[in-house]
Every structure is written in structure tokens, then in C-alpha cells.
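Working notes, beginning with the structure itself.
Predicted model only: the values in this text are computed from it and were never measured. Proteins get letters first, then strands, A, B, ... in listed order; numbering begins at 1 in each.
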Amino acid sequence: MSSVPPTADAALTAKPRTYGAIVWGQLKKRPSAMISLGVILALALAALMAPFIAGEVPVRWVQDGKASWPIFRYLSNGEYAAFAAFVLGLALPLSVRLLRPRAERTGGSPWGRALLIHGAAWLLLAGALVALREPERRYGFFLERRSEADAAWFPLIATARQPGYAELAERDRPPSRRHPLGTDRLGADLVMRLLYGARTAMAIGFVAVGIGSAIGVALGSVSGYFGGRIDLALMRLVEVVMFIPQLILIIMILAVIPSSVPPLWAVVGVLAVTNWTGFYRLMRAELLRIRGEDYVTAARALGIPSWRLLLRHAIPNGLAPILVGATFGIAGAVFLEATLAFLSLVSTPSWGELLNDGRQHAETWWVWGAAGAAIFITVLVYNLLGEAIRDAIDPRLKI
Amino acid sequence: MTAPDAPDSAPRAAPPPAGAPSAPAAAPPADLLLDVRDLRTHFPVRRGILGRTVGYVRAVDGISLRLRRGRTLGLVGESGCGKTTAGRTILRLIPATAGAVRFEGRDVFALPPADLRRLRRHMQIIFQDPYGSLNPRMTVGGIIGEPLKVHRLARGRDLEDRVARLLEHVGLSPAYRNRYPHEFSGGQRQRIGIARALALEPKFIVCDEPISALDVSIQAQILNLLDRLQDELGLAYLFIAHDLAVVSHISDDVAVMYLGRIVEQAPADRLYAGPLHPYTKCLMSAIPRSRPDRPRDRIVPRGEVPSALNPPPGCPFHPRCPWAFDRCPAEVPLLLPMPSASDHLVSCHLCH
Amino acid sequence: MTNDILLRVQGLTTRFFTDEGVSRAVEDVSLDIPRGRTAALVGESGCGKTVTALSVLRLVPDPPGRIVAGAVRMGQGDLLLLPEADMRQVRGNRISMIFQEPMTSLNPVFTVGDQIAEAVSLHKKVGRAAALRETAAMLRKVGIPDPQSRLREYPHQMSGGMRQRVMIAMSLVCGPELLIADEPTTALDVTIQAQILDLLRELQADIGMSILLITHDLGVVAEIAHHVSVMYAGRIVEEADIQELFDSPLHPYTVGLFRSRPTLERRGALAAIPGTVPSPLAIPPGCPFHPRCPLADGKRCAAERPPLEVKRPGHTAACWYADRAADMRTRGEDLYK
């Protein structure tokens, strides 16, 4: 009996479609998801580029026939790191796509190689940039010398970065051409305050959720896959952690930490060590399901070591709900940060702080209006996106 | 790490055995590949927050099997009879409660993890569900190539060639290696699962209902493929199914399971020609007629299969058996060879 | 319309308009269901047999599905033209349906007694006590022992066979003229399957309803059907009375279905139909079976779709070479080697 020759298969599409491509295809069908994603990217980009949009340090400065690029010497280490992370986030998937054909021939994953190449490149670049930087000068330096320059490219909104420095004359201005969203009680431009507030919100959201989901995925997969005593111990730990009221813990921590520790870090820390429980429970439940799947049994029957089984077979199949949880989690973290700032528990540039400022002076509607809109839109788009992803990874897709 | 299916855990301490019979030990044939002795798999049933064990589901309750090289042993029974658990316990994918499995003379349950991993090269499994048995995040090439890589049997160019050969062997185009499982039909997925099982060049494959989830016209393709691979590669199969017609088609010997025990075992031809155990007779008469004009002489067992948590005393089939008599609920029948044929084993008081 | 035909499907065409394209699930299907008899619709997954049944009941999910053409005549009217409110009266009262997995069609939070009694009181406008009495009688009729205590059980407390009996009881309380049974025994063990098939046969003899049996299993067909239609790729390819079809299948697909079943009587290599069932999104041109067919000539079969024609008395088939298949059988040759 000879084997049956495979027929030319119409069901096989021209290009192999990964799970990610299928989910993306589902997502693309939802306008709300695409708009949300656009808003999120725009917000992230604006927060990242804040010094170029509103600030006092010019991009290019020509004085006495000598041209310089001051802004690149004034950006902080953190800003450079964020730039790197952003570009890496875009470049990595692209290079993975380029490396995939090679990896597919050997059955491996293209991610490792891509990460290696990018990691090395970015380390070199970061080193060079940090070496070029100059110590920060006092505020208003360039704005004061504006007339001495032959030519200067200021940010879109040239305004002092330190509120209250130079522009007390501009205080409490409603939206105008010079200040598209108006100014606050100290004359600081609202666009600038919103942008720096966005930075805080994003940083809190991404870092807290990033750490939280990493802890949750790691512990949850171990707990769900191995079960037994480890699982029992971790579950009890989760119950204890979930019992801690987050807000009260943050308030307590803020009261006791030394002033040398930035309060924002304390908030991120508390969020990370309390938020992981949700991710843990999601991942544990996924792993309980996955460990009974035949492909896991098949891998065990093939003698594949436990660590590889977890990393290659079990965890990748359980990550989809984590993505949904993380998206909702960011919205929650943004909201919490705004709450804390509104209550004046942390003093960083924040939408919550702005909202509080506006609350005290109801007649400057543009202040509280802008802050409220920023919080509302951000929380909304993350929730919309999370919901769309949840629908897109519907298990009924039978993948 | 004491979950029932924790990876590769050693057999646990036995709960009180049920005192069931084991097959008589005859001299092992020279080409004996697999020898299963009095295998038991009991799952604890836990209740309450403390997880107290309140009883055991006796999924497999004392079965003995022998399989020779290149032969097929069919294991047939209805859902819940323990046939799937038996197959996985033999491969040590589920910890056994008691009993022994010898593969080429080595005690599978006593092997340390490293040796067990090496032994896994020779014992493989094919699954029922072609949708759940392939990792949806891996390409076909990755799925089939992974065991070769993990066991360091091939890499680079050689790995690619071997994956291509395996795909051709099961009747798929090597061009499919970059595809993902969801792009294939059920029958094609089953072929991929077979290629994965063949990658390590095993001597023995547990086929766990490999065709029951497939379309009728595809079932025959897969059965024929398994047949051909057995001839070419000298594989031995433990073929698990609920369909007596399918099992007797592919098997040399057939064992009929009921509630965790083997009630009858014989060469396939003999079993078909003259089933002796009442349960086998019921099973056989329940198979839908192959033609509408065949007489319908049906032996219908009473009621439904009892729970394996609380099996009936004596012969497990007696509450449903049309011929049960006073001895049946009182005494567990032994699986004994018939006086007329030493290779026909029956566990029934009517026969002994 | 003759008096002994209960339901007549004419030229039914149902399509699904999906992102990937138009899925031609059912194409120009005509089917007669005689009174008091069992008509079987046989085919593999995706052949359109379930969509045909759902179309008859107008339960095709819309969107993406739509019945594009055809008529379903029952009595005087066309079911496809009825207002939705009237159609709701037809469902359950004149036509009822049972499914492969009874668990998903029973509500897990109500006892089976409550669920059936609700249907009874809705239909017969009787009180709860009377409805429960009738329910118990119906449960006894479908062979459930001790129906009084079973009434108080929840679906999850019952075995698969018992649940299917409950579903049958529930679908019969309103005395439908037609029972559509969609793979009613596929999820059950063989011994239980035999019991359920016996039950359906007895109930039909007793009550006299017609059954539209949808299955992939020719064995099940042989057990209870009177008339068989074989579907492939959305179309009926062969139709005959049960004995005629089993004696002399004419379409190569039907022959292949028979030859690929392992039976206790016949051992040795099975004949396998090569290739796979086509996707309803991409049905081959010409005869939809030609890429897998041993008789395909590579010209006409690939270009022209054979019509469903009467080849022998009471026996239709859609194949250009149906007589060749018949000749080969009379000469004892095997179509699939």
C-alpha cells in the first residue's frame, strides 16, 4: 500500500501565517482598536519627544558663525534610554521578520539573534552619547540669549521648562496661538505640562505592569505547570498579597521612605509587587490547561527537558491573556498615578497634579479640562485596545 | 511537585490493591519488546480545602500485556475503561500505582530521569486529537525537528534533510515545513504527529485513538499509513481504540478492557470468529451493521458503565451481564487461557 | 406535493460571506423527507449536511450566513418565507432537533424535569403538575428508568447516553412531525449508540414522526435509515433507498466511503480515497470530487459539473461515469486499488 500523495492544497494560503499575524488580522478589523493603537503610539511618541515639542533648549543654535546642536547635550540619560527602547521596540520586530527565513530553515527562533545584534548596537550608541553630554546649565539660558543667536531652532513651543522661571507675565492665559492649551498659574505652558505628565503616566504604566507581569508569568507558569507544594505555597502568598490594600500601602511607604528615594520609584515598586498577583493567576490557570494538552504530553514523551518544555511549549501558548491583562493594567496604573498626584502624595509632573491645580481655580477651565481629557482618553484607549485584543485572541479561532 | 502528572515522576506508593488477578507468566518469547505486568494506575480523589484523599479512581486495575517486535496489540474498550490511561502509564507519562513495565528487558519505572529520557527515543505516542497534539506556536519543521535537536541527533543541514525525509515518509510535501499546524486539515495534522513520533526512530508507538477524530475517508488513509510504516520500519504498536472493527483490522492480537481490567484477549481472527466474554459479545453486536439487510441479533448490556471510583464487587461486568449468575458478584474471575486455545484468555466464570 | 412527502427541500443554497471569501456550504440541494420514515444525509465534516438542517430550521447564523435560494415546503407554505414569529412556532412544535453533544443543548442550571416541563406547558398550555406528569411519562417512553427521581436531576449528573435520551424526550414532547437528528450518537459509546438507535427506531414506529438523520457513519445509516442522500462539497452526489445504495453505490465517492470503512467481516488493506475534503471556500470546478476520483478523465470531469440524474429506478447520482462504476462492480473489479 503506497502512501497517498498530498493533493495541491487550496486551504494552504500563499504565506505561512503565524498566530501573531492572525491576531493582528482580527485586530485590524476593529476601527476602535486601530484608533486606540494610533492614539497610544502618538501619546508615547509625544511623551518621548517632549523636549523637541515644548521646552527651552534649541535643537540648533548658530552664534558667531558657529553652529551647534544643544538639545542633544541636554537630554538626560533617562531620555536617551527611552529613545533607545522606543527605536528598539520598532526595529526588533522588523529585524525578526528579516531573520525569519533563515531561522525557519533550522527550526529555531529568530528572536535571539535579533536581540543580540540590536543589544550590541545600542550599547555602543548609548556609550557614545553619554560621553558627549555636558552638565546642565541653569534654566532660561537659551531663552535669555535668544537675541545673540544668528539663528536658532527652538522647540515648537519655546517655553521655560521650569515653571515659574521666566514667564510670570504669561500666567493664567487661556489657549492662544503661542500657548495652544493656555498656561497655568505660574505661566508654564500646558502642552509642556501635559507632555511631562504623560511621561510620568507612561513610565508608571509600562514599568509597573512590565515588572508585575514578568513576576506573574514566571511564578504563575511554575505554579501551574509543576503544581504540588510550590503551587500551594505560591497560592497562599498570592492570597496574602491580594489582601493588602494598594493605596494604603503606597501612602504608608511614602510616609516612611527617606527623601533621597524619588517617591515615583516607591509607587512603581509598590505597584509592581502588588500587581503581579493578577498576572500570576491568569498564567497559572493557562498553565493548568496547557499542561494537560496533548502537545505537552507529546513533548514529554519525546524526552524534552522541563525547562525547554516550559519556555518553548507551555509559556508561549499562555501569553495571550497576559497581553490583555497588561493592557488593562496600564490603564489602571495610569489612573492610580493620577489619583496619587491629585491627592498630592507624589510631587512629579503629573496629570493628577494638574487636575488638582485646576480644581482650586475653576475659572481656568483649560487647566483642569486638559488634564481631565488626557486621563480620560488614555484610560479609554487602553481599555478599548485591551478589549479588542481579548476578542482577537478568541480561542474559538481554533489555532 | 506531587501533581499526578508531574513530569517523569517515579511511581508513588501504592494504595491498598484491589486483589485482582494477573495473567499467568509463560516463558517470554525471544522477540519480546514490551512486558507489562499487573499494571495499576489509581487516581486519588480529593475533597475539601485540605485536599483529603477520599478514595481512588481505579482507572487501570491490574492489566498484563505482552508485545513482540513489529507486532500490533489492540486495546479496545468504551470511554472511561482506562485504555488511554494504560497507554500513558506504560510510557511513564502518568505515574503508575503498582506493577512493572519492561521495555527490552529494562524496568521503565525504575530508570533515573536521564536514562528515561534516552529510553523515550524508543517509545513514542500518537494522539487522538489532531488539533490539540501540535504546538500551535511552532512551525511543522520545528515540531518535527525539535526531538532530533534535543537528543543531539542532527543539526543544521542534516536536520533539515531529516525533517524533509520524515515529511515525505508520511506523505506530506517537505515544502510544508515552514507552515503552522492551523493551516492543515485533520488528516494532515495527524500525519505531522506521526512524523514527529517517527523522528527518533522508535521501536514502539502507542497509537491512542489515532483515527477516531478524522473524517471517514481520511481514516483509511491514516490506517494504511500506519500499516505501511510498520512494514517498513518494523514498529510495534499498542493500538488503542473504542471501535472493535478498526482494532481488529489493524491488530495481530486484541485485548478488550472493561473498567480498568482486561476481560478477554486473543488473536484478532479468533476474537472475531468466536468472542467468549459476554462484554466482548455485546461490543461486537453493538457495532452498526455493515449492511441494512444483515439480521440484527443484538446483545444489549443492561444500563451503563459503573463508575471506576466505586466498581462493583466480583466481576466488574456482572451488573450489566445478561448471563450473570450467583458466582459473578461474589468472586473476581481470573484472566485465564481457554483449555482449547492457550492464546485465548478470558476472564469469565462462564468459561472456566 | 404528494401526500406521503412531509417536507420537501428544493434548490436550497446557503452561503457564508466571510473575510476569506464566499463559503459555498450548501449548493442547490433538493431533498424529500417522506412521512413516518427516516431520511439520512451522509457526508464528511464540512460537506454541508448540518448547514442544510440549520437552513431548514432557519437557524443559520446571519451574518455571515445567508440562505440565497431555494424553498422548504412543508404542507402548503414555504418555511423560508414565513415571518420569524411563525417560524418560532414551527421550531419545536412541527420540527425539532437534537444535537451531537446533548450537554451543550441542556441548560446546566435547571433540572431536566423543569426544562422539559417548561416546553410541555408552553406547548400544551397546561399547569406545572400536569406538565411534570407528562414529562415523567415521556422520560419513561425514552427508556429512562425511575423517571420520577430523574426529573429532579441536573444535566451534569447524567451520563452522555442518559442526556441524549433526555434531549430526545424534550424534542418529542410537542409531538413534532419531523425530528432532525444531527449526529445523535457520535459522542456516545458503541453500546450506548446501539441503545439510542434502537430507541429512535421504536419511537418512530410508535409515534410515526419523520426523522432527518445527519451522520458521517454509514453504519448508523444502515441501522435506521430508509432513504439516503450522500453529500459532498455542498451538493448531493447520490441518492437512493437504503438497500439500493448499499447494494450498488454508483458515485465513486460513495463507493470510496464504503471501501474505506474497516468492518469485522473484511480484513486486509483498506481502500483510501486520496487527498482531502475540499474547503467550501475553494470547491474545485467541474465535478467537485474529480481531484480525488479514480474514474476522473482529466477533461470533462474537470470542466463540467455532472448533474444529479436518475441512473437506475429510484437511484440518482451526479457522475459522468456512474455506469462505469456499476460495470466494475458487476465484473468484481475494485475501483480503489
Side-chain angles (χ1 to χ4, degrees), chain B residues 76-81 171 184-188 211-225 227-228 241-250 268-269 271-273 275 279 282-294 296 298-305 307 320, chain C residues 42-47 145 158-162 185 187-195 197-198 201 216-226 228 232 241-243 245-247 253 256-277 279 292 336:
Chain B
V76 70
E78 294 181 282
S79 55
C81 75
F184 294 90
S185 68
Q188 289 170 321
I211 64 163
S212 50
L214 303 176
D215 269 325
V216 191
S217 72
I218 308 300
Q219 290 188 350
Q221 291 179 4
I222 298 296
L223 275 184
N224 288 342
L225 173 68
D227 238 350
R228 174 171 66 86
H242 66 277
D243 186 337
L244 199 52
V246 169
V247 167
S248 69
H249 174 85
I250 195 162
D269 299 318
L271 192 78
Y272 164 59
Y279 178 63
C282 290
L283 263 190
M284 210 169 269
S285 77
I287 296 175
R289 298 171 300 169
S290 54
R291 303 186 49 84
D293 47 351
R294 281 281 146 73
R296 196 183 279 125
R298 186 166 290 157
I299 308 159
V300 180
R302 285 174 288 188
E304 307 203 1
V305 185
S307 153
R320 306 181 68 199
Chain C
V42 186
E44 298 178 278
S45 57
C47 74
M158 302 186 136
S159 68
M162 278 300 155
T185 59
L188 304 176
D189 278 322
V190 266
T191 55
I192 310 299
Q193 163 170 293
Q195 293 173 5
L197 293 178
D198 286 346
R201 202 180 314 102
H216 69 279
D217 189 342
L218 284 166
V220 171
V221 171
E223 285 290 322
I224 65 169
H226 301 105
V228 191
Y232 186 79
D241 277 348
I242 179 85
Q243 195 62 52
L245 189 89
F246 275 71
D247 282 344
Y253 176 63
L257 278 187
F258 278 115
R259 286 287 287 110
S260 59
R261 292 165 66 215
T263 57
L264 283 174
E265 291 91 339
R266 192 183 56 231
R267 306 287 301 277
L270 296 166
I273 305 176
T276 49
V277 181
S279 154
R292 307 176 68 190
Y336 291 87

Measuring only between side-chain heavy atoms, which start at C-beta, is B:Leu283 closer than 4.5 Å to C:Val190? yes
Closest contact, heavy atoms only, C:Arg261 versus B:Val216: CG-CG1, 4.3 Å
Looking only at B:Ala220, B:Pro301, B:Gly186, the option with the highest number of non-hydrogen pairs under 4.5 Å against chain C is B:Ala220
Between B:Ile218 and C:Thr276, is there a side-chain heavy-atom distance shorter than 4.5 Å? yes
Looking at chain B, which one of C:Ile224, C:Leu218, C:Asp198, C:Leu245 has the largest number of heavy-atom pairs inside 4.5 Å, strictly under? C:Asp198
Can you tell me how far the CD1 atom of C:Ile273 sits from the CD atom of B:Gln219, to the nearest 0.5 Å? 11.5 Å
Most contacts with chain C, counted as non-hydrogen pairs under 4.5 angstrom, among B:Ser217, B:Ala286, B:Cys282: B:Ser217
Considering only heavy atoms, which portion of B:Glu78 lies under 4.5 Å from any heavy atom of chain C: side chain, backbone, both, or neither? both
If I compare all heavy atoms of C:Pro262 with all of B:His249, which pair ends up nearest, and what's the gap? CB-CB, 3.9 Å
Find the distance between CD (B:Gln221) and CG (C:Leu270) and round it off to the nearest 0.5 Å. 11.0 Å
